[in-house]
Amino acid sequence: MPELPEVEVVRLGIADHVVGHTITRVVVHDVRSLRRHLAGPADFVHRVEGRTVVGAARRGKYLWMQVGDWTEGEASDAVLCHLGMSGQFLVSEADAPPPRHLRVALTLDDGRELRFADQRIFGGMSFSEDGAELPPEIAHIARDPLDPLFDPAEFATRIRKRQTGVKRAILDQTLISGVGNIYADEALWRVPLHYARNTRHLRAREIESLLGHVGDVMREALAQGGTSFDALYVNVNGNSGYFDRSLQAYGQEGRPCERCGTPIRRDAFMNRSSFWCPHCQPRPRNGKF
DNA sequence: ATGAATACCTGAGAGC
DNA sequence: TGCTCTCAGGTATTCA
């Protein structure tokens, strides 16, 4: 389940292995991965073929390749990508066997291929005109906690104007981006804070602590995930070392809380699960606490 | 403004 | 073995 750290690993991989190369051919194996390119797959192919990748950028869980017309040229447009639940990018030799669920293949000028595979097709790609700096399609996505221009004071102001549960708020990509279900639960456990705590009544120091832990969890995951891809293989899946070793709340139902030993609970929440320690993260009873 | 519901998807695993 | 059901969940959209 790619969240911000996994997407950043992919961005680094593309920066290392794809930037500087021209896309000579685009093959769309499954049009559903281009659902968000409204002009259709043929238009996508037409617009992407011949373009040179001059940079790789990211905001939250969105990733885009900045594309220009020449290797040294200025990029104005972008190929916008989202990994969804199961998206992967791989850089392979052309004769390497295709991965399962290959959806789009971009041939590079040296014969290698940048391959987009996605089992569940929640992710996808689109061409973004004038999107090099920030694709207009994602103008509503807030800066993420690893962005140097992320403004903690503005975040604090905005979250306290909300009247909703704190987990709902940090999953809202227009308030803070890059946070998914897993890192939300981990950060809330660390503070600790129950997921239903009312944003309106959070104390300043609780918001500060939450933000600190969200950033820490992501930086730690990035440090581990960043070591797991080799020179020719850019890959993201839900099984980075971080998931195996370091989760203290997510997926830990019934296991003792590492702080207090109380069994971790699981609640249904927003069509997914929330994992929390009933002792460290007591459920608020009136919304105020 | 907020949130709830829904659609989009596949495959692993459980239960029968 | 094979069927059906549940679950995993990020985002856009629509409705209350």
Side-chain angles (χ1 to χ4, degrees), chain A residues 1-8 10 28-38 40-41 58-64 80-89 98-104 116-126 128 135-142 144-145 155 157-188 195-202 214 218 221 236-240 242-244 247 249-254 265-276 287:
Chain A
M1 286 149 267
E3 298 185 24
L4 184 152
E6 293 73 30
V7 180
E8 176 63 8
V10 174
V28 180
H29 294 278
D30 194 320
V31 298
R32 294 175 298 178
S33 290
L34 298 180
R35 195 184 312 133
R36 297 175 67 177
H37 186 81
L38 300 178
R58 183 189 55 73
R59 175 175 284 196
K61 303 172 202 171
Y62 281 94
L63 164 73
W64 62 98
L80 180 62
C81 314
H82 197 290
L83 300 175
M85 285 297 301
S86 52
Q88 301 174 288
F89 275 104
R100 207 152 138 78
H101 309 304
L102 176 63
R103 309 298 185 193
V104 181
F116 178 69
D118 186 10
Q119 184 214 115
R120 275 171 267 188
I121 325 185
F122 274 23
M125 309 171 78
S126 60
S128 176
E137 295 87 348
I138 60 165
H140 61 293
I141 302 292
D144 61 67
F155 172 76
T157 304
R158 289 188 63 204
I159 197 172
R160 288 171 99 169
K161 283 187 187 153
R162 298 290 181 93
Q163 177 129 356
T164 186
V166 63
K167 183 173 175 182
R168 211 179 277 283
I170 60 175
L171 289 175
D172 181 344
Q173 306 294 304
T174 68
L175 195 53
I176 181 172
S177 70
V179 184
N181 199 40
I182 295 171
Y183 296 129
D185 278 3
E186 291 304 303
L188 290 169
Y195 64 83
R197 283 284 303 279
N198 190 319
T199 49
R200 177 132 325 169
H201 302 294
L202 289 175
V214 167
M218 287 183 171
V236 153
N237 57 45
N239 298 316
S240 71
Y242 190 78
F243 290 93
D244 297 334
L247 295 179
Y250 181 84
Q252 306 302 304
E253 183 182 19
R265 293 264 306 268
R266 178 167 73 103
D267 286 354
F269 176 80
M270 286 176 80
N271 262 339
R272 39 172 86 83
S273 295
S274 267
F275 297 89
W276 57 292

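Reminder, nothing fancy here: chain letters follow the sequence lines and each chain counts from 1.
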Working to the nearest 0.5 angstrom, can you tell me the gap between [X] [atom1] and [Y] [atom2]?
X	Y	atom1	atom2	result
A:Leu38	A:Glu137	CG	CD	8.5 Å
A:Ile138	A:Ser177	CD1	OG	8.5 Å
A:Lys61	A:Glu8	NZ	CD	15.0 Å

Partner set under salt bridge (charged side-chain N to carboxylate O under 4.0 Å, His left out) for A:Arg35, not counting sequence neighbours: none
Outermost DNA chain B nucleotides near chain A [under 4.0 Å, heavy atoms]: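 Extent of the interface on DNA chain B: B:dT2 to B:dG11.
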Annotated protein contacts, base or backbone, on nucleotides 9-16 of chain C with a non-hydrogen cut-off under 4.0 Å, one of B, S, - each: BBBS----
Relative orientation of the end axes in the helix from B:dT2-C:dA16 to B:dC16-C:dG2, expressed as an angle to the nearest 10° (five pairs per end):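 Rounded to the nearest 10 degrees, the bend comes out at 50°.
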Main-chain N/O of A:Lys161 paired with A:Gln163 side-chain donor or acceptor, under 3.5 Å: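 Absent.
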Donor-acceptor contact present, side-chain A:Glu253 to main-chain A:Trp276, <3.5 Å: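 Flag not set: sc A:Glu253 to bb A:Trp276 has no pair under 3.5 Å.
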Side-chain donor-acceptor contacts of residues 119-126 of chain A below 3.5 Å, not counting sequence neighbours, with atom names and distances?
none

Results of ring pair (Phe, Tyr, Trp, His ring centres under 6.0 Å) for A:His82 - residues two or more places apart only: A:Tyr62
Sugar-phosphate only, base, or nothing, as touched by A:Arg200 at under 4.0 Å among non-hydrogen atoms: nothing
Closest approach of A:Gly178 to A:Met218 (non-hydrogen atoms, all atoms of both residues):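 Reported closest heavy-atom pair: O-CE, 3.2 Å.
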Close side-chain approach of A:Asp172 and A:Arg158, heavy atoms under 4.5 Å: no
